[in-house]
Structure formats: C-alpha cells, structure tokens
Asks: 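Shown below is the structure under consideration.
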Amino acid sequence: MDGLFEHLPFKPADILLPRDCDYDKWAVVACDQYTSQPEYWERVEERVGRAPSALRLILPESSLDGPQVEMDITDINATMAAYLREGRFKTLPNAMVYVERTLWNGRVRRGLVGMADLKEYDYEPGSDALVRATEGVVMSRIPPRIAVRKNAPIELPHAMLLADDPDCTVIEPLSAQTARMELLYDFDLMERGGHVKGWLLGEGQLAQVAAALSALAEPAAFNARYGTEHEPVMLFAMGDGNHSLATAKECYERQKRLTPPEKWDALPARYALCELVNLHDGSLEFEPIHRVVFHTDPPALLDALVRAYPGSRRDKAAAGDGLPLRYVCAGGEGVVTVPASAARLPVGALQNFLDGYLMDHPGRVDYIHGESVAREFAARSGNIAFLLPPMDKEALFPDLIHDGVLPRKTFSMGSAHDKRFYLEARKIR
C-alpha cells in the first residue's frame with residue numbers, strides 16, 4: 001500500500017486516537033482562535049474540568065504572552081508523555097480517516113486525515129513545491145510555536161490542506177462507502193462546533209484516493225487546468241494553519257541538522273498530520289478576517305492611512321475606483337479608498353500600512369473572525385476595526401500559481417467555531 005503514495009505529498013499515517021475518555025471533552029478548537037476572547041477558553045476550561053483532553057496538550061495563542069508560558073509548555077510536554085505512558089491512545093497503523101463535519105449552519109464539510117510530506121512543502125514566496133503556503137509567513141511568529149513543538153513527543157493537527165478538485169474525485173466518493181468502513185467516532189463538538197464523524201479507510205478506499213491524487217498531480221492535466229505551460233505542479237495549498245505547518249517544517253530542518261543525512265527520510269518529524277479538504281466542497285466558504293487595532297488613536301491612524309497612499313480619500317462610502325477599506329470606531333464609521341495601484345487586494349494595502357504604522361506608534365493588531373465581534377471591539381474607546389471583503393475561493397489556486405502568496409490572514413475557511421478541532425494525534429519523535 002505504501003507504494004501507491006510513494007510519489008505523493010499526502011500519505012497514510014500511524015494515527016493515534018484517544019480512548020477511555022469522553023470525546024466531547026477531549027476535542028477542542030484550534031489554538032489560534034479566540035485570541036482576544038479569553039472568556040472562550042475559560043468556558044472550555046470549566047467544561048473540561050479534570051477530564052483527559054486535548055486542552056492539556058495545546059497552548060492557546062491567547063496565552064503565548066502569559067507570564068508562565070515556559071512552565072505551560074513544560075506541563076504540556078509532560079502531559080503528552082504521561083498520556084502515552086498511560087496508554088491513553090490507540091494506534092491506527094498506516095491509516096487515513098474520512099471525516100464528515102456537520103457545521104453549526106447544518107452544512108457538511110468532508111475531509112481526509114493523513115500526513116503531509118514536509119520535504120514537498122515550502123512556504124517561501126515563489127516556491128514551486130507540490131505543497132505551498134497561501135500567505136506570507138511572519139517569521140517572528142515561528143519561535144514561540146517551535147518552543148511548543150520542539151520537545152513534544154506527539155502532534156495534534158489543526159492544519160487543513162486544500163485540493164483544487166472541481167470534479168470531486170478524491171474525497172467525495174468516500175461518502176457513499178461509509179457502510180464498508182469502520183466508524184471511529186461520532187459525537188457533538190463543544191461551543192457551537194457542530195458534529196463530527198470519522199471512518200477508517202480500507203485498502204480499497206486508500207487505493208482509490210492514491211489514484212485520484214496521482215491524476216490531479218499529472219503535469220499535463222495541471223497545466224491544461226490553469227492555462228499554463230511547463231508550470232511546476234501545485235497539488236495542495238494551505239487552507240488553515242500556515243504558521244503551524246511552517247513550524248513543523250522548521251522543526252524538521254532542525255532535526256536534520258542533528259541527524260546523519262542517510263537517516264533524514266526516516267525521521268518522524270518529516271511529516272505533519274493534517275486534514276485534506278476539497279476547495280469545491282459545498283460547505284466551504286471563504287470569510288474575511290477583519291483587523292482590529294487595540295489601544296491606538298483612531299483619528300491619527302486614519303489620517304496616517306490617507307497620507308500613506310497619495311490619492312486616497314476618506315468618505316462615508318467608497319469613492320470611485322480603488323481599494324475600499326471600511327472602518328468603524330467609537331467616533332463613527334466610513335471608508336478610506338486607496339488607489340488600486342497600492343496592492344492587488346484591499347487586505348494587502350491595509351496590512352502593509354499597519355505593519356509600518358505599528359512599528360512607530362502605540363497599538364496592537366489582532367485578526368478577528370466575524371463582523372459582529374470586530375464591531376464590538378471597535379465600539380470601545382481607543383480601538384478601530386477594519387472590515388474587509390471576502391475573497392472568491394475560485395481565484396485561490398490561479399492567484400497563487402500566477403502571482404504567488406497572498407497577504408497574511410487574507411481569508412478564513414469559515415467562522416472561528418467551524419475551525420478544525422483537535423482529535424487525532426501522531427508521534428513525531
């Protein structure tokens with residue numbers, strides 16, 4: 001079976017599933033959500049109590065700047081080791097898991113859990129790797145994530161890869177075959193997370209997936225699909241978890257420096273567990289990620305934004321051609337329209353400005369899912385929110401192939417409560 005996936009960057013893995021615990025307390029949402037809403041994580045803490053949980057194996061990013069972060073990381077690694085010693089996991093060898101996630105809105109998102117080959121992944125702009133980042137990686141965000149992962153014996157994935165599979169050949173055919181697969185889990189997720197089911201693929205389904213992925217990766221078909229010539233194949237793009245996969249890549253590179261070259265390919269750190277989703281899944285919606293700047297002077301910031309892009313206008317509504325940047329603060333709301341030459345997308349013009357402005361002025365930016373949440377923060381004195389438009393998901397692969405990576409935090413695959421919940425795990429040491 002290994003030979004079927006030999007030349008593919010997504011493969012079966014030895015997947016760990018928790019046992020002898022309540023899955024509805026075990027599974028918690030991705031650690032990079034609700035970073036400005038600590039009350040969310042407080043509710044999760046209260047719900048989990050003393051039960052075994054993935055909450056004990058992750059560090060919510062809202063805690064990354066906490067006073068005891070180093071002790072928190074030590075406790076996480078110790079708990080991972082304890083769960084392994086206690087036999088908290090059962091192993092599914094050489095496995096893939098077909099997942100159906102019923103979202104809060106009732107739609108079903110289909111996915112496939114396996115492992116990505118980090119040898120075939122590159123987050124650098126202009127990369128020609130089979131697996132590519134969708135946004136620029138902020139290197140300053142990597143070290144704290146490395147601190148969590150570098151001594152961890154296991155990983156829990158929230159990264160989601162996207163395949164551009166308009167004919168639905170890879171994942172969707174599995175939905176009609178669940179009666180012939182082993183049901184692994186079936187339970188409700190906390191905090192409006194919806195419901196999730198997972199099935200273990202049999203040999204026939206694994207062969208079917210390998211054949212479909214190989215067809216998508218065929219160079220001639222790839223170039224015909226995008227109207228290119230001799231362009232290197234991009235089989236997958238990062239959907240969620242750009243920085244998490246970049247962290248896994250850096251940890252793999254670090255281990256290589258401590259390992260003889262002939263052993264590099266056998267390192268468990270060469271791979272990262274993740275979920276593969278079809279870009280054309282009917283449940284998958286690209287939502288904007290809004291920006292909220294906290295503890296700043298909104299009028300001064302808006303004046304600086306207009307000055308930063310000569311020809312910009314600030315009005316109650318968008319002013320003619322250009323890139324509209326909608327804002328709201330305690331003093332009111334409106335639009336700054338910057339020239340179209342400033343960037344390809346409104347988010348690019350805004351992010352470039354904020355990166356420079358906040359180097360010399362007080363304030364902290366956070367990336368917020370949901371307009372209502374952004375408006376709630378913006379209503380407080382000293383804060384300002386920029387409400388960004390959604391991106392057309394059909395444009396994602398062509399944009400990446402022709403123009404390279406997008407500005408960071410350009411889109412979100414659904415709302416915060418729709419993000420992947422930690423459930424499966426994998427040994428990385």
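Residue indices begin at 1 and follow the sequence shown.
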Asks: Around atom NE2 of H7, are there more than 12 heavy atoms of other residues, nucleotides or ligands at under 6.0 Å?
Replies: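 No.
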Asks: Quiz question: by atom type and distance under 3.5 Å, do the side chains of Q351 and R291 form a donor-acceptor pair?
Replies: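 Per modelled atom types, Q351 and R291 side chains form a pair under 3.5 Å.
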Asks: Start with the C-alpha gap between R225 and E231, add the side-chain angles, then the distance that decides, and say whether salt bridge (Lys or Arg N to Asp or Glu O under 4.0 Å) holds.
Replies: CA-CA 11 Å; R225 189 156 65 246; E231 181 75 23; over 6 Å; no
Asks: Does any pair with a residue in residues 154-166 pass side chain to side chain donor-acceptor pair (under 3.5 Å), and if so which ones, sequence neighbours excluded?
Replies: R149-E155, E155-R426, H158-S244, H158-Y422, D164-Y226, D164-H280, D165-T169
Asks: Please determine, by modelled atom types, if S415 and E287 share a side-chain donor-acceptor pair under 3.5 angstrom.
Replies: yes
Asks: I'd like to know if the side chain of S412 pairs up with that of K419 as donor and acceptor (distance under 3.5 Å, no hydrogens or angles considered).
Replies: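 Distance-only check passes for S412 and K419.
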Asks: By the ring-ring contact (aromatic ring centres under 6.0 Å, His included) test, which pairs, at least two apart or in different chains, include something from residues 369-393?
Replies: F294-F377
Asks: CD of E229: more than 12 outside heavy atoms within 6.0 angstrom?
Replies: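 No, because the 6.0 Å sphere around CD of E229 holds 12 heavy atoms or fewer from other groups.
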Asks: Looking only at side chains, do T35 and D366 share a donor and an acceptor under 3.5 Å apart?
Replies: yes
Asks: What pairs meet the ring-ring contact (aromatic ring centres under 6.0 Å, His included) rule with one or both residues in residues 108-148, with sequence neighbours excluded?
Replies: none
Asks: Under 4.5 Å between any side-chain heavy atoms of R47 and D24, yes or no?
Replies: yes
Asks: Testing the 3.5 Å rule here: is there a donor-acceptor pair between the side chains of T134 and N242?
Replies: yes
Asks: Among side-chain atoms of Y40 and E42, is any donor-acceptor pair under 3.5 angstrom?
Replies: no
Asks: Taking all non-hydrogen atoms of both residues into account, name the closest pair between L57 and F89 and its distance.
Replies: CD1-CZ, 4.3 Å
Asks: Taking atom CG of D392 as the centre, report whether more than 12 heavy atoms of other residues, nucleotides or ligands fall under 6.0 Å from it.
Replies: yes
Asks: On a heavy-atom basis, which atom in L396 and which in M391 lie closest, and how many Å separate them?
Replies: CA-CE, 3.8 Å
Asks: Any non-hydrogen side-chain atom of L8 less than 4.5 Å from a side-chain atom of F236?
Replies: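 Side chain of L8 against side chain of F236, heavy atoms only: no contact under 4.5 Å found.
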Asks: How about K256: does its NZ atom have over 12 heavy atoms from other parts shown lying under 6.0 Å from it?
Replies: yes
Asks: Does atom CH2 (W104) have a neighbourhood of more than 12 heavy atoms from anything else shown, all under 6.0 Å?
Replies: no
Asks: When you compare the side chain of L387 with that of R375, does any pair of heavy atoms fall below 4.5 Å?
Replies: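 A side-chain contact exists here, since the closest heavy-atom pair is under 4.5 Å.
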Asks: Do other residues, nucleotides or ligands put more than 12 heavy atoms under 6.0 Å from the CZ atom of R313?
Replies: no
